[in-house]
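Have a look at the structure below before the remarks.
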There are 2 protein chains.
Amino acid sequence: MRVLGIDCGSQRTGYGVIESDGRDHRMIAAGVIRTGAKSPFEQRLLEIAGALRGLIREHAPEAAAVEEVFYAANVKTALKLAHVRGIALLAIAEAGMAVAEYSPLEIKTSVVGYGRAEKSQVKLMVQSLLSLPQPLDSEDACDALAVAICHATRSSSMRRIA
Amino acid sequence: MRVLGIDCGSQRTGYGVIESDGRDHRMIAAGVIRTGAKSPFEQRLLEIAGALRGLIREHAPEAAAVEEVFYAANVKTALKLAHVRGIALLAIAEAGMAVAEYSPLEIKTSVVGYGRAEKSQVKLMVQSLLSLPQPLDSEDACDALAVAICHATRSSSMRRIA
């Protein structure tokens, strides 16, 4: 199955598309949507929506996954992020997909096998699971791939159980 | 000028369209977008986006205003609301409009003349300013009309000063 993972951020939104049977994963695309920091916020949302729709058209994922919203850091940042997340959920729904949501704990447990794993461990495991020649430059793209891997693994297990 | 006001909410999103020269205001439309409470959240966002786009097509506003996001009550509710607000900002930007944002204080000061006005006072003033035969049933529609009136009044003053 082809899975799109999105890592929403108020400044940068990471994305990753993988092809996976739940065990072997292959990276199809990954990157970061950056928007003009000086543009009005609604223009940035428009750019993000356009970019996500383009990615969905191009890679035709069958499923999409995002990280659950969390607000540990800073309420103002979390609220900005939630606006972007709304746009991501809309783009997914427009494409007729359901949204799968995972907590950071679930993602780390699935990818690293340990819910309190460090960022660097997630990065190494994403590289390893996707057989990439080198680690990803972008943390946002890496996090997006991680949530995609998490969803592919989880939903494959669910199908096997059912 | 024709102004669309939107009062975002995670359950109900109020809207109001007015025609105004900055002094005399006339209500064109007002109501509430309600979404299936049992639908997945992304489906509700899709419904809200569709409804807002339909309203913008039908009433062709030249400007749009929303209340600034605030998070006095409950962070979880505020985060849900911010997702919806992202959708509203996107619909406005898609229509080529800029988003005007006002704090509750600015809206109440503009509509009632007193920044700490009660909800009931806002309701009466909205009814009076729009010469409505009776007060609005919906608080969400009323708040949406209030932000539209605030924007019409403010931008008319700005034009006069300039």
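Chain letters run A, B, ... following the sequence lines, proteins first and then strands; every chain starts at 1. Hydrogens, waters and symmetry mates play no part in the numbers below; they use all other heavy atoms, side chains included. These numbers come from a predicted model, not from an experiment.
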### hydrophobic_cluster_shared for A/L45 and B/M97, side chain cutoff 4.5 Å
yes
### CD/A/E68: more than 12 non-hydrogen atoms of other groups inside 6.0 Å
yes
### Summary of side chain to side chain donor-acceptor pair (under 3.5 Å) pairs that have at least one residue in residues 51-65 of chain A, sequence neighbours excluded
A/R53-A/E94, A/R53-B/E94
### Summary
If one checks every heavy atom of B/L46 against chain A at 4.5 Å, the contacting part turns out to be both
### Under 3.5 Å donor-acceptor, A/E42 side chain and B/V99 backbone
yes
#### Entry: Part of residues 3-41 of chain A lying next to chain B, heavy-atom separation under 4.5 Å
A/F41
### Query
If you look only at pairs with a residue in residues 121-132 of chain B, which of them pass as a salt bridge (Lys or Arg N to Asp or Glu O under 4.0 Å), with sequence neighbours excluded?
none
### Query
Linking I/L/V/M/F/W/Y whenever any side-chain heavy atoms sit under 4.5 Å apart, do B/L145 and B/L105 land together?
no
### Task
State yes or no: do A/Y102 and A/L129 share one hydrophobic cluster built from I, L, V, M, F, W and Y residues joined by side-chain heavy-atom distances below 4.5 Å, directly or via other members?
yes
### Close approach to chain B in residues 81-90 of chain A, criterion heavy atom under 4.5 Å
A/A82, A/H83, A/R85, A/G86, A/I87, A/L89, A/L90
#### Entry: same_hphob_cluster(B/L136, B/V112) at 4.5 Å side-chain heavy-atom cutoff
yes
### Query
Are A/V69 and A/V66 connected in a single hydrophobic cluster, I mean Ile/Leu/Val/Met/Phe/Trp/Tyr linked by side-chain heavy atoms less than 4.5 Å apart?
no
